[in-house]
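Below, chains carry the letters A, B, ... as their sequence lines are ordered, and counting in each starts from 1.
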Number of protein chains: 2
Amino acid sequence: MTRSRSEPGKTSTQSAERRTRSLNRQRVIEATIAMVDRDGADAFSLRALASELGVTPMALYNHVASKRDLLVSAADRILASAKFDHGETNWRLQIEGCFRALREVCIRHPGTARLMEIEGIAPSAVFGPMEVTLDALSKVGLNPTDAMRAYFTLVSFTLAQVSYQTRGPFSHLDPAEAIRKQNLSASLVELVREALPASSSWDFDRAFEYGLSLILDGIEKS
Amino acid sequence: MTRSRSEPGKTSTQSAERRTRSLNRQRVIEATIAMVDRDGADAFSLRALASELGVTPMALYNHVASKRDLLVSAADRILASAKFDHGETNWRLQIEGCFRALREVCIRHPGTARLMEIEGIAPSAVFGPMEVTLDALSKVGLNPTDAMRAYFTLVSFTLAQVSYQTRGPFSHLDPAEAIRKQNLSASLVELVREALPASSSWDFDRAFEYGLSLILDGIEKS
DNA sequence: ACCTGAACACCGTTCAAGT
DNA sequence: ACCTGAACACCGTTCAAGT
């Protein structure tokens, strides 16, 4: 399992470094991503990861500064696999493609949304679609400040929608009880039952596209 | 500190229940809210709460089913203190007032946003502004499905903006490094430095109002 | 340079016992 | 009915020691 046969022309003094002995940073990060996608970001622990890698928890610290450092790197790597720029020239298609890509990579890795909600890991995701969006918005004539505000509106919306979809925050939810607590009218109950994202008929794709079009329509109007 | 002098006409057999001895559910929830607002939702623990209440951790379990139950109740109570319906008749003012109220109660309790991100606690907040918003949207002619989608766009946006503001996710952020990681052009750096929410010149209030108006413009157009 | 083992200071929660 | 104390099965991380 530890043999490495590649590039046989190297001297044996280098073989100590090159031998793919157990751990290395990349392997740790990849195992983290797999584990987070499988069990969720909240269930992830260094001890469980170590056990899955067949190693002592402390062995991880040779390749990772802390749990937080590891999770940041995992989120970074996931986000880096997305392409936000598709060479579109139309500003609206440019932005749509950008945030569809962000949404898709988060859905492909179901642990991502939750991962980014853990202490300040989101920021790296924040820069990903920024350049192409600001470029597109300058075409519509938005000044830099408004463009940045519009950009954060789009990011907020997209990440929250993914979060709803992948975490299913409505699984623990009793509409009737919530409506009673908030003193809402009973007429809501029926509507909520059939239209709420909790129900199986809720179409997350179409809900996302609808919200995205609302924001883009708003930008177009201004 | 434990004496209760109200309603002196009661018999002494009831005094055992009425004596405000140490704990009760309301006191536990109130202490939780204060602690979460002071130290943050992530730092909150039952053991720390018990110690602050001068009691054994296990004493809490007489008034609370679990940590999650306690956090849900704390979030519920905070949200219940908000008034979403201000008796407006204009649909746009109706929605604006509703989400400004949601945002304000979350900012008044800085731990709220993070609290709601912890396992499925958000849902109760989700119902709060729902009724008034759906009512307003029906005036514009949106069908129930689109109205629900627009509503979740507004909720997503509002809660995420509060989250950015209260948690300050950009404090741990190095724009230059992030831009390098994401292969972004260097021309972004300068723009980011002065326009990003990290900078002190970022106006969260105006950014919120701008994003809100984008979404409402989008609704108005449709 | 990389890994182990024991230890520290924490968690949420269960259970048996006290009053 | 309410509280305590000991215990269980976990955490992230430090430190000293091995190779």
Side-chain angles (χ1 to χ4, degrees), chain A residues 1-4 11-29 31-32 35-36 39-74 114-115 118-121 172, chain B residues 1-2 4 10-29 31-32 35-36 39-74 114-115 118-121 172:
Chain A
M1 190 183 281
T2 68
R3 83 197 64 192
S4 99
T11 70
S12 64
T13 55
Q14 294 174 319
S15 71
E17 319 164 27
R18 291 181 54 258
R19 223 172 321 163
T20 156
R21 272 236 169 278
S22 54
L23 252 43
N24 72 57
R25 186 166 232 265
Q26 174 172 324
R27 226 166 81 77
V28 171
I29 292 175
T32 298
M35 211 168 170
V36 165
D39 304 328
D42 292 304
F44 176 81
S45 79
L46 291 182
R47 294 178 115 107
L49 175 66
S51 145
E52 192 154 287
L53 288 170
V55 94
T56 275
M58 287 308 95
L60 300 171
Y61 280 87
N62 290 307
H63 310 94
V64 142
S66 66
K67 182 183 184 180
R68 197 186 123 75
D69 167 47
L70 175 56
L71 292 180
V72 169
S73 296
R114 185 78 188 108
L115 196 59
I118 299 178
E119 295 206 54
I121 291 182
H172 300 287
Chain B
M1 188 183 280
T2 67
S4 99
K10 295 289 182 176
T11 71
S12 64
T13 55
Q14 295 175 315
S15 71
E17 322 165 22
R18 292 180 55 258
R19 223 173 319 164
T20 156
R21 273 240 168 274
S22 55
L23 252 43
N24 73 56
R25 185 163 233 266
Q26 174 172 324
R27 228 167 80 77
V28 171
I29 292 176
T32 298
M35 210 168 175
V36 164
D39 304 329
D42 292 304
F44 176 80
S45 79
L46 291 181
R47 294 178 114 107
L49 175 67
S51 146
E52 193 154 285
L53 288 170
V55 93
T56 274
M58 287 311 92
L60 299 172
Y61 280 86
N62 289 307
H63 309 95
V64 140
S66 64
K67 182 181 184 181
R68 197 186 123 77
D69 167 48
L70 174 55
L71 292 180
V72 169
S73 296
R114 185 77 188 109
L115 196 60
I118 297 178
E119 295 206 54
I121 291 183
H172 301 288

Shortest non-hydrogen pair, B:Leu115 vs B:Ala74, comes out as CD2-CB, 4.3 Å
Which atom names give the shortest non-hydrogen contact between A:Leu70 and A:Leu46, and what distance separates them?
CD2-CD2, 3.8 Å
Which of these nucleotides, [options], is closest to any side-chain atom of [X]?
{"X": "B:Pro57", "options": "C:dA7, D:dC3, C:dT13", "result": "C:dT13"}
{"X": "B:Val55", "options": "D:dC3, C:dC3, C:dC15", "result": "D:dC3"}
{"X": "B:Thr56", "options": "D:dG5, D:dC15, C:dT13", "result": "D:dG5"}
{"X": "A:Asn62", "options": "C:dC3, C:dA6, C:dT13", "result": "C:dC3"}
{"X": "B:Lys67", "options": "C:dT4, D:dG12, C:dG12", "result": "C:dG12"}
{"X": "B:Ala59", "options": "C:dG12, D:dC11, D:dC3", "result": "D:dC3"}

Student check: side-chain heavy atoms of B:Leu49 and B:Phe44 closer than 4.5 Å
yes
Any A:Leu53 side-chain heavy atom under 4.5 Å of A:Leu60 side chain:
yes
Distance check: side-chain N/O of [X] vs OP1/OP2 of [N], anything under 4.0 Å?
{"X": "A:Tyr61", "N": "D:dT13", "value": "yes"}
{"X": "A:His63", "N": "C:dA1", "value": "no"}
{"X": "B:Ser45", "N": "C:dC11", "value": "yes"}

The Watson-Crick or G-U wobble partner of D:dG12, with both key distances under 3.5 Å, is C:dC8
